There are 2 protein chains.
Amino acid sequence: MVVEKFNKMAIKDYQECKVYIRPVRDVIDMIGSKWKLPILVALGFKDHRFNELERQIQGITPRMLSRELKDLEFNKLVKRVVSCPDDNIVKYGLTEEGKSLEQVITAMRIWGTDYRKKIMKKNDFELR
Amino acid sequence: MVVEKFNKMAIKDYQECKVYIRPVRDVIDMIGSKWKLPILVALGFKDHRFNELERQIQGITPRMLSRELKDLEFNKLVKRVVSCPDDNIVKYGLTEEGKSLEQVITAMRIWGTDYRKKIMKKNDFELR
DNA sequence: CGGTATCCCTGAGGATACTG
DNA sequence: CAGTATCCTCAGGGATACCG
């Protein structure tokens, strides 16, 4: 099994480095599309209902929200709970996997923040 | 300045969480497209010439390699060095920023690897 | 060797309207 | 309230050929 194998082996060249790429791609595929990060961040703050997410995340359409929530649910990062079937109340929240992913996102944010500071100083960039 | 401000403030709601998203997006934008990660990993192993990258990274076209290298160079993750102008020899390598980004990519890889193990056990997924 | 130029195609995502 | 359905646009990326 590749995931176990590459922990043990020495990297000889780029061909072997390729097995390093797949799990990173997995992460990017799971959070990289336009709305996934806003959804995860919103749910990281607290559980939300569909409409709440729609209002919080400016510009998202119900179509995209629905699709992205399904993706996230399929990937076990988000759980969907029908809390009151009579009133059609649905709540979305992070799974344990979703919560653990927040650590990685935090690492990305810290690097990204630091990067912005450095690059802005170097190049006289303006904040968007 | 936002990047300094949000380090100091408490998060009250999702609207403030949004400033958390931008630096993460920066990272995804810099490494998320199809070929950036393979290029960075190859260059993380050692400096490469244009043709070497073209051969190492299966399926990439010179057009895409050229474009992605320019992006990476623009973002200061990769440096281009003309090592021998007479023979038109060009070498690409990681900058210090590029090397520091590898730590983040490593965090993503570790999480992604762990995720695959868990999810595969749960769902009887097959490795692609 | 280290790239550009042209043309093309697919799929992510937007707009709008509608439903159980 | 919590979504679907339809239609449409545009940019990321592929194929191929060519250049200094």
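In the text below, chain A, chain B and the rest are named by the order of the sequence lines, each starting its count at 1. Being a predicted model, the structure only gives us computed values, none of them experimental.
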Legend entry - B:M108 side chain near A:M108 side chain, heavy-atom distance below 4.5 Å: yes

Legend entry - Contacts of B:D114 that satisfy side-chain hydrogen bond (donor to acceptor under 3.5 Å, both in side chains) - sequence neighbours left out: B:K118

With the criterion being N/O to N/O and under 3.5 Å, what pairs connect the protein with nucleotides 14-16 of chain D, and how long is each?
from   : atom 1 : to    : atom 2 : distance (Å)
D:dG14 : OP1    : B:K34 : NZ     : 2.4
D:dG14 : OP2    : B:W35 : NE1    : 3.0
D:dG14 : O6     : B:R63 : NE     : 3.1
D:dG14 : O6     : B:R63 : NH2    : 3.0

Legend entry - Main-chain N/O of B:L37 paired to A:R25 side chain as donor or acceptor, under 3.5 Å: no

Inset, instruction - Mark yes or no for whether B:K91, through its side chain, and B:R49, through its backbone, hold a donor-acceptor pair below 3.5 Å. - result: no

Legend entry - N/O (side chain, A:R49) to phosphate O (OP1/OP2, D:dA2) under 4.0 Å: yes

Expected list for residues 62-72 of chain A: side-chain donor-acceptor pairs under 3.5 angstrom, two or more places apart:
from  : atom 1 : to    : atom 2 : distance (Å)
A:E68 : OE2    : A:S33 : OG     : 2.6
A:D71 : OD2    : A:K36 : NZ     : 3.3

Inset, instruction - Assign A:K70 to base, sugar-phosphate, or nothing according to its heavy-atom contacts below 4.0 angstrom with the strands shown. - result: sugar-phosphate

Legend entry - Non-hydrogen side-chain atoms of B:N75 and B:E97 separated by less than 4.5 Å: no

Legend entry - Shared hydrophobic cluster for B:L101 and A:I110 (ILVMFWY, side-chain gaps under 4.5 Å): no

Legend entry - chain A contact limits on DNA chain C, taken 5' to 3' with a cut-off of 4.0 angstrom to heavy atoms: C:dG13 to C:dG20

Legend entry - Separation of atom CG in B:L65 from atom P in D:dG12, rounded to whole Å: 17 Å

Inset, instruction - Can you pull out how bent the helix from C:dC1-D:dG20 to C:dG20-D:dC1 is, comparing the axes over its first five and last five pairs, to 10°? - result: 50°

Legend entry - Ion pair check, B:K99 and B:E96, cut-off under 4.0 Å: yes

Inset, instruction - Give A:I89 one of three labels, base, sugar-phosphate or nothing, depending on what nucleic acid heavy atoms sit under 4.0 Å from its own. - result: sugar-phosphate

Legend entry - Contacts of type side-chain hydrogen bond (donor to acceptor under 3.5 Å, both in side chains), residue A:S100, not counting sequence neighbours: B:W111

Inset, instruction - Could you tell me whether the phosphate oxygens of D:dG3, OP1 or OP2, come under 4.0 Å of any side-chain nitrogen or oxygen in A:Y92? - result: yes

